[in-house]
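Every heavy atom of this structure was used, including side-chain atoms; hydrogens, water molecules and symmetry mates were not. Remember, predicted model here, so these are calculated numbers, not experimental data. Each chain gets a letter, A, B and so on, in the order the sequences are listed, and its residues count up from 1.
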Amino acid sequence: MSKLTFARAINAGLRKSLENDPKVVLMGEDIGALGGVFRVTDGLQKDFGKHRVVDTPLAESAIIGTAVGLAYRGYRPVCEIQFDGFIYPAFDQIVSQVAKMHYRTQGRVNMPITIRVPFGGGIGSPEHHSESPEAYFTHTSGLRVISVSNPQDAYTMIQQAIASDDPVLYFEPKRRYHDKGEVDEAADLSTALSMEKARVVAAGSDVTLVTYGPLVKTASDAAMAAADEGVSVEVIDLRSLAPIDFPVVEASVRKTGRLVITHEAGQSGGLGAEIAASVTERCFNYLESAPVRITGFDIPYPYSKLEMHHLPDLDRILDGVDRALGRANSLSGLEG
Amino acid sequence: MLTDEPGQDAYKASNPGISAASPRRTGGDLVQLISPEGERISHPEFDLWVSDVTDEQLCSLYEDMLVIRRIDAEATALQRQGELALWPPLLGQEASQIGAGRALRDDDFVFPSYRDNGVAYCRGVEPTDLVRAWRGNALSGWDPYRYNIATQQIIIGSQSLHATGYAMGIQNDGADSVAVALFGDGATSEGDVSEAMVFAASFQVPVVFICQNNHWAISEPVRIQSHIQIADRASGFGIPAIRVDGNDVLAVLAVTRIALDRARKGGGPTFIEAVTYRMGPHTTADDPTRYRDANELEDWAAKDPIARLKALLLTKGLLTEEVEAQAQAKADEVARKLRAGVINMPDPAPLDLFKHVYSTPNSWIERQRDHYSRYLESFNGSTQEGAL
């Protein structure tokens, strides 16, 4: 075991994949000598060469489009999209090509492409650097979408994503890059928890709190705060956003009867809506109250001086928990 | 303006030194080895690239063009008869596609658009598989790895990036095969084609961009896409370009060989503009009489790629009755097979909907398939019991 930052953990996972499979190729802007704007690929080009860690021209559609061609040739490209808000020029290649190629070719052509996306806010950035575009991709059939919340998962799941024969969008919570955690670099990938499985990160009996990525830490902190008030919150880190591991969520809701979902992305048409609808369909008779969503607002990502009002924080999440419990002190309870 | 050669005069005035004599220079004059009247035009450089073409092979190119024109006509007829939902004719582009297709080596890899059925034919794709997607029985018709040609691309220009990425892979592998991107004049306006040229030039990968300038992108004439000759765009990316008469099968064969040879030897990408003409509609759903002057079509009919080679073969005394009959018989046979293949194509099963979305099981898809399967089964029961 070693103590690594989130960014170093991804770096170690990428290194391991590069070592284990000569077909793994990293592509992106500034990922070579600079090591990426967040240094996630630090030192990899030096050790693996310019043909395996490729500094590309500044063209996101081409980063993904050439990855499609490399995958056709039998490679496993790992593309870095520098910031969440820069992924849109590549949207067509991701949605029309990467996602559909396997279906289009009746399973003859695999697209084992991993697309790394630093996402989410909270770092005081200018526009286009703090977005949460995951729902565009979870709504796109043919893609697998995962989001990691801690260094160990970051290390393991990047390798699982690269090893997957399906395309994977790997959402990295950029505001957690410097968080440290224990990482077992010797862990056996074959026995690691599948990247499609959700994980209960804190057991509880009163309310189920579902989240992923950057808010797993916030939600866990909220659960501890709730415990001080005698409320037992079960926190679920989804890890996989498409498909969602509903059996784990359902089992929890059947136990607690109450569901709160939190994410940074805007509310309408977001993942919270999908989770609330699916859980309601499947667990209607177990629900004691309506599912609650604590999310970013339906606004463009705001200027950084106000971002802390936009991002769900510990108190807003607790307010949602209160609403699920039907407590009168819940402000959000006034909405519905 | 009968033929759209955007800004040609202005272009020539400002670039007096540019000619097609060397493919290292940009666009310039059209490379032509057979005149529209069927005369063989000799050229000191390009002749070298087709000097090995025997009389027999010349006849074979004629047969190829005849066959794909026949496939095209048969597919159009099948659409009119309701057997295909849609068909994008290549009528008029036979020389561009056969010239390019026959220049390729087996281990080269082609990324075609939906109209490049002639190239797919050259790669060995079965005629029935060319129309599978157009009948609505699948989204694509063939195994790309069996023929080394990707399935047809519908998103305009997208495949130029795929070819470039494939070429990056070839380069990494140290192989001497070549990736080929096929697209039309309309595609050159897409950002993906520009981005592909940026990547191809930066990494000097073995890719050949073949643009069949057929003068029309559905209803939009090429002058809307480009204010200069399309081939001249390549020089801005640092990619050598060559402009060839796309209705001259020998010239297309020669320039494609030049480009492939350069790529194999590590010389990087080449851009070919094959100047041709879409004599048919964009697809069978299109009506070119709404936007195209009949005189223009007539002018291009006079440059017909098949008539041109036929005239040459007749002049050379190569097109005997026997050769002509043999080519026609081949075309008849292919058309017969195509028709039979279409009529007898089994319908897909409803639950095929859910196949191959992912390469490994996916819980969302499995759940929906199971539900829909049970839903369908519920009708089986009621049929047996008889509906009230």
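At a 4.5 Å heavy-atom cutoff, the contact between B:Asp143 and chain A is made by backbone and side-chain atoms alike. Looking at A:Asp92, only its side chain comes within 4.5 Å of chain B, counting heavy atoms on both sides. Looking at B:Ser202, the atoms closer than 4.5 Å to chain A (heavy atoms on both sides) all sit in the side chain, from C-beta outward. Contacts of A:Tyr72 with chain B are made by both backbone and side-chain atoms, with heavy-atom separations under 4.5 Å. Using a 4.5 Å cut-off between heavy atoms, A:Ser61 contacts chain B through both its backbone and its side chain. The part of A:Asn110 that comes within reach of chain B is its side chain, from C-beta onward, which places non-hydrogen atoms under 4.5 angstrom from that chain. Contacts of B:Ala201 with chain A are absent, with no heavy-atom separation under 4.5 Å from either backbone or side chain. For chain A, no part of B:Ala167 is nearby; none of its heavy atoms comes within less than 4.5 Å. When heavy atoms are compared at a cutoff of 4.5 Å, A:Ala71 approaches chain B solely by way of its backbone atoms N, CA, C and O. Interface residue B:Ile365: only side-chain heavy atoms are found under 4.5 Å from chain A. Using a 4.5 Å cut-off between heavy atoms, A:Met27 contacts chain B through its side chain alone, with no backbone atom that close. For chain A, no part of B:Arg146 is nearby; none of its heavy atoms comes within less than 4.5 Å. When heavy atoms are compared at a cutoff of 4.5 Å, B:Gln159 does not approach chain A at all. Heavy atoms of B:Tyr145 lying under 4.5 Å from chain A belong exclusively to its side chain.
When each of B:Ala150, B:Gly191, B:Ala196, B:Ala179 is scored by its heavy-atom pairs under 4.5 Å with chain A, the top score falls to B:Ala150. Note on A:Ile64, A:Ile244, A:Thr56: by heavy-atom pairs under 4.5 Å with chain B, the leading option is A:Ile244. Annotation: maximal heavy-atom pairing with chain B below 4.5 Å, among A:Gln106, A:Arg52, A:Arg73, A:His102, occurs at A:Arg73. Taking chain A as the reference chain and counting heavy-atom pairs below 4.5 Å, the highest number among B:Thr164, B:Asn172, B:Thr151 is found for B:Asn172. Contact count versus chain A (heavy atoms, under 4.5 Å) is highest, among B:Val198, B:Asp173, B:Leu139, for B:Asp173. Among the candidates A:Pro167, A:Ala59, A:Pro57, the residue making the largest number of heavy-atom pairs closer than 4.5 Å to chain B is A:Pro57.
Remark: B:Arg374 does not engage B:Asp370 in a salt bridge, criterion side-chain N to carboxylate O under 4.0 Å. A:Asp21 has no carboxylate O lying under 4.0 Å from a charged side-chain N of A:Lys23, or vice versa, which leaves the two without a salt bridge. A salt bridge links B:Arg264 with B:Asp108; the closest basic N to acidic carboxylate O contact falls under 4.0 Å. A:Asp237 and A:Lys197 are not joined by a salt bridge, as no carboxylate oxygen comes within less than 4.0 angstrom of a charged side-chain nitrogen.
Counting heavy atoms from C-beta on, the side chains of B:Arg233 and B:Val193 never come closer than 4.5 Å. Between A:Phe171 and A:Tyr212 there is no side-chain heavy-atom pair separated by less than 4.5 Å.
For A:Tyr286, the OH atom sits in a loose shell: 12 or fewer heavy atoms of surrounding residues, nucleotides or ligands are nearer than 6.0 Å. Heavy atoms of other residues, nucleotides or ligands lying less than 6.0 angstrom from CG of B:Asp106 number 12 at most. Dense packing is recorded around CZ of A:Phe91, with more than 12 heavy atoms of other residues, nucleotides or ligands lying under 6.0 Å away.
Remark: A:Arg282 qualifies as a cation-pi partner of A:Phe246 under the 6.0 Å distance and 45° angle criteria applied to the six-membered ring.
No side-chain donor-acceptor contact under 3.5 Å links B:Gln212 to the backbone of B:Asp116. Side chain of A:Thr280 to main chain of A:Ala276: a donor-acceptor pair is present (N/O by atom type, distance under 3.5 Å, no hydrogens or angles).
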